[in-house]
Amino acid sequence: MQENYFSQIADSGIRPSAQRIAIYKYLCENHVHPTVDMIYKELSGEYPALSRTTVYNTLKLFADHGLVQTVHIDEDKLRYDANTEPHIHFKCIKCSKIMDIPCSGQLSRINSECCSFLPEGSIARKIQTYIWGICPSCS
């Protein structure tokens, strides 16, 4: 499986390293939409030379190459998602869990409606949809 992560990183135009592979593997295997600090705390024991700056720079590099997406659902921190397929993010306002809501067919309709409000001649390049509410576990 490690080879698959290596290939995905390399195919994105990024030179794979042990730390980059570990960060990407963590994102792919832990669907918690982690922050830089969460990833750093999880991996620093196994990679003592890893720094928060390295994690941040790696995630920025991944996002710039389309390997991950940034999630701006929190006011004070970025979260990261290895799922780059179109989907909505839902955050529970009680437990703070963030979940992916797949909605491929409906999302294009939602995005189309959002774009209808843009000034004439505008071109949307990226749309992110967030919903805040209470998850089934907390309701």
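What you see is a predicted model; the values in this text were computed from it and never measured.
Under the side chain to side chain donor-acceptor pair (under 3.5 Å) criterion, K60 pairs with D64, sequence neighbours left out. By the ring-ring contact (aromatic ring centres under 6.0 Å, His included) test, F62 pairs with Y24, sequence neighbours left out. With sequence neighbours left out, the salt bridge (Lys or Arg N to Asp or Glu O under 4.0 Å) criterion links R79 to D74. Applying the side chain to side chain donor-acceptor pair (under 3.5 Å) test to S12 and every residue at least two apart in sequence or in another chain returns nothing. Applying the side-chain contact (heavy atoms from CB on, under 4.5 Å) criterion to S51, with sequence neighbours excluded, gives T53, T54. Under the side chain to side chain donor-acceptor pair (under 3.5 Å) criterion, H72 pairs with T70, sequence neighbours left out. When the side chain to side chain donor-acceptor pair (under 3.5 Å) test is applied to Y56, no partner is found at least two apart in sequence or on another chain. Partners of D37 under the salt bridge (Lys or Arg N to Asp or Glu O under 4.0 Å) rule, at least two apart in sequence or in another chain, are R52.
Note that the CD1 atom of I23 and the CG atom of L27 stand 8.0 Å from one another [nearest 0.5 Å]. Taking OH of Y5 as the reference point, atom CD1 of I21 lies at 11.0 Å (rounded to 0.5 Å). Atoms CD1 and CD, from I88 and Q128 in turn, are 11.5 Å apart once rounded to the nearest 0.5 Å. Taken from NZ in K94 to SG in C135, the straight-line distance is 9.0 Å, to the nearest 0.5 Å. Interatomic distance, M38 CE to H33 NE2, rounded to the nearest 0.5 Å: 10.5 Å. One finds the CG atom of L50 at 11.5 Å from the CD atom of E42 (value rounded to the nearest 0.5 Å).
A donor-acceptor contact closer than 3.5 angstrom is absent between the side chains of D100 and H31.
Put simply, the side chain of Q69 gets close to the backbone of N83: a donor and an acceptor are under 3.5 Å apart.
With contacts defined as side-chain heavy-atom distances shorter than 4.5 Å, the pair I39/L59 qualifies. A heavy-atom distance below 4.5 Å is found between the side chains of I14 and R20.
Nearest heavy atoms, C92 versus C138: SG-SG, 3.7 Å. In terms of heavy-atom proximity, L118 sits nearest to A124 at CD1-CB, 4.0 Å. Minimum interatomic distance between H89 and H87 (heavy atoms only, all atoms of both residues): NE2-NE2, 3.0 Å.
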Could you please spell out the steps behind the side-chain contact (heavy atoms from CB on, under 4.5 Å) verdict for Y80 and V36? CA-CA 8 Å; Y80 297 87; V36 168; 4.0 Å; yes
L67 and I9: CA distance, side-chain angles, deciding distance, side-chain contact (heavy atoms from CB on, under 4.5 Å) verdict: CA-CA 7 Å; L67 195 57; I9 293 169; 3.8 Å; yes
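Applying the salt bridge (Lys or Arg N to Asp or Glu O under 4.0 Å) rule to pairs touching residues 127-139 yields nothing, sequence neighbours excluded. Screening residues 115-124 for side chain to side chain donor-acceptor pair (under 3.5 Å) gives no qualifying pairs among residues at least two apart or on separate chains.
Cluster partners of I93, by chain and number: V71, I73, I98, Y130, W132, I134. The rule joins Ile, Leu, Val, Met, Phe, Trp and Tyr whenever side-chain heavy atoms lie under 4.5 Å apart.
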